[in-house]
Amino acid sequence: MLSGNRASIRPGAVQGGLAAAVYFTLRGTLIQRLVPRLTALRALGVEVELAADLLDRAQDESQSTVTATARRTALGRLEHAADVLQGGQILWVDDRPQGNVPLVELFRAAGMHVDVTLSTEEATPLFRRRPYDIIVSDIDRDGDQQAGIKMLRVLEQYRIDVPVLIYTGRFDPERGIDRRIFAATTAPVELVHYVIDLMERARLGSL
């Protein structure tokens, strides 16, 4: 202990001061690292639990199977791609839209605008006047097994250069994929990945 007016400094006090300094330094670093994640959650506009529920409902509507790892990966991408999806534009063409409701709700909850139409005839005036980022379509509509493919020719006719995703319950990859199709799938989890992939490309292209 020092005499006079000089105060004594105990080892415990020094350690406490150092601990406080380290705490506030690490706290600032942790906050900086958490801000993008918290911002992503706010931008996503939907809690992870709700996103999981919607994805599970979509899975129940499909005839595909999904592993726990694939499900978890898709949910993780949804969370971290929140800023990319925000404001995206989707045109969904399917004559049986009820099976797509959970996925439509999921993308809308992520801040995307989704228009739903039942036929190429309904879709045509929309994609002619609205700048969509993605078109999601089935193939077989109203008994026409080539309806989705024929829509691709209409897109070409009007020079609409929008990537097309085929989402259908019955798809045979051995029959081949039209050159205008970015990807085709029967699995909700895969569709989520493809939508994120295309939106990332769209955002990079706009920089």
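These numbers were taken from a predicted model, which means no experiment stands behind them.
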N/O donor-acceptor pairs under 3.5 Å from side chains in residues 188-198, not counting sequence neighbours:
residue, atom, partner, partner atom, Å
Glu190, OE1, Thr185, OG1, 2.5
His193, ND1, Arg77, NH1, 3.1
Asp197, OD1, Arg77, NH1, 3.0
Asp197, OD1, Arg77, NH2, 3.0

Discussion item. Is the shortest side-chain heavy-atom distance between Ser119 and Glu122 below 4.5 Å?
Written reply: yes
Worksheet entry | Salt-bridge contact Asp144-Lys150 (side-chain N to carboxylate O under 4.0 Å) | yes
Worksheet entry | Spatial distance of atom CG (Leu78) from atom CG (Leu85) [nearest 0.5 Å] | 6.5 Å
Worksheet item: In terms of hydrophobic clustering (I, L, V, M, F, W, Y; side-chain heavy atoms under 4.5 Å; direct or indirect links), are Phe107 and Val101 co-clustered?
Response: no
Worksheet item: With sequence neighbours excluded, what pairs up with Val154 under the side-chain contact (heavy atoms from CB on, under 4.5 Å) test?
Response: Thr120, Thr124, Phe127, Tyr158
Worksheet, complete the sentence: OG of Ser137 to CG of Leu152, rounded to nearest 0.5 Å, is 7.5 Å
Worksheet item: Can you check whether Ile135 reaches Ile90 side chain to side chain, under 4.5 Å on heavy atoms?
Response: no
Item to complete: Could you check Asp94 against Tyr167 for side-chain contact (heavy atoms from CB on, under 4.5 Å), going step by step and ending with a plain yes or no?
Response: CA-CA 9 Å; Asp94 194 324; Tyr167 181 66; 5.7 Å; no
Worksheet entry | side-chain contact (heavy atoms from CB on, under 4.5 Å) partners of Leu126, counting only residues at least two apart | Leu91, Asp115, Thr117, Arg129, Tyr132
Worksheet item: Which pairs pass salt bridge (Lys or Arg N to Asp or Glu O under 4.0 Å) with one or both residues in residues 59-70, sequence neighbours excluded?
Response: none
Discussion item. Is any side-chain heavy atom of Val93 closer than 4.5 Å to one of Met151?
Written reply: yes
Discussion item. Let's go through Val114 and Glu105 carefully: what are the C-alpha distance in whole Å and the side-chain angles of both, what is the deciding distance for side-chain contact (heavy atoms from CB on, under 4.5 Å) to 0.1 Å, and is it a yes or a no?
Written reply: CA-CA 9 Å; Val114 184; Glu105 290 182 5; over 6 Å; no
Response to the item:
For Val116 and Pro97 the tightest heavy-atom approach is CG1-CB, 3.9 Å
Worksheet item: Heavy atoms, side chains only, cut-off 4.5 Å: are Val104 and Arg108 in contact?
Response: yes
Discussion item. Please report the interatomic distance CG(Leu54) to CD(Glu49), rounded to the nearest 0.5 Å.
Written reply: 12.0 Å
Worksheet entry | Chi angles and distances behind the side-chain contact (heavy atoms from CB on, under 4.5 Å) call for Ile149, Ile181 | CA-CA 9 Å; Ile149 302 301; Ile181 297 173; 4.0 Å; yes
Worksheet, complete the sentence: The salt bridge (charged side-chain N to carboxylate O under 4.0 Å, His left out) partners of Asp53 (sequence neighbours excluded) come to none
Worksheet item: Does a side chain donor of either Ser62 or Ser64 reach within less than 3.5 Å of an acceptor in the other side chain?
Response: yes
Discussion item. Tell me whether Arg96 contacts the main-chain N or O of Leu118 through its side chain, where contact means a donor paired with an acceptor under 3.5 Å.
Written reply: no
Worksheet item: Do the non-hydrogen side-chain atoms of Arg72 and Thr69 ever get within less than 4.5 Å of each other?
Response: yes
Worksheet item: So with a 6.0 Å cut-off around CD of Gln157, is the heavy-atom count from everything else above 12?
Response: yes
Fill in: salt bridge (charged side-chain N to carboxylate O under 4.0 Å, His left out) involving Asp56 - partner list, sequence neighbours excluded
Arg71
Worksheet item: Could you state the interatomic distance from CD (Gln86) to CG (Asp83), rounded to the nearest 0.5 Å?
Response: 7.5 Å
Worksheet, complete the sentence: Residue set satisfying side-chain hydrogen bond (donor to acceptor under 3.5 Å, both in side chains) with Thr73, at least two apart, ordered chain then number -> none
Discussion item. Quick check for you: to the nearest 0.5 Å, what is the distance between Ile134 atom CD1 and Trp92 atom CH2?
Written reply: 10.0 Å
Practice prompt. Only counting residues at least two apart or in another chain, list the ones meeting side-chain hydrogen bond (donor to acceptor under 3.5 Å, both in side chains) with Asp95.
Written response: none
Discussion item. So, using side-chain contact (heavy atoms from CB on, under 4.5 Å) as the criterion, who are the partners of Thr65 when residues are at least two apart?
Written reply: none
Worksheet entry | Sequence-distant partners of Asp133, side-chain contact (heavy atoms from CB on, under 4.5 Å), two or more places apart | Gln89, Met199, Ala202
Worksheet item: Is there side-chain contact between Phe182 and Val164, with heavy atoms separated by less than 4.5 Å?
Response: no
Response to the item:
Residues passing the side-chain hydrogen bond (donor to acceptor under 3.5 Å, both in side chains) test with Glu156, sequence neighbours excluded, are Arg153, Arg179
Fill in: CD1 on Ile166 to CZ on Arg180, rounded to 0.5 Å
10.5 Å
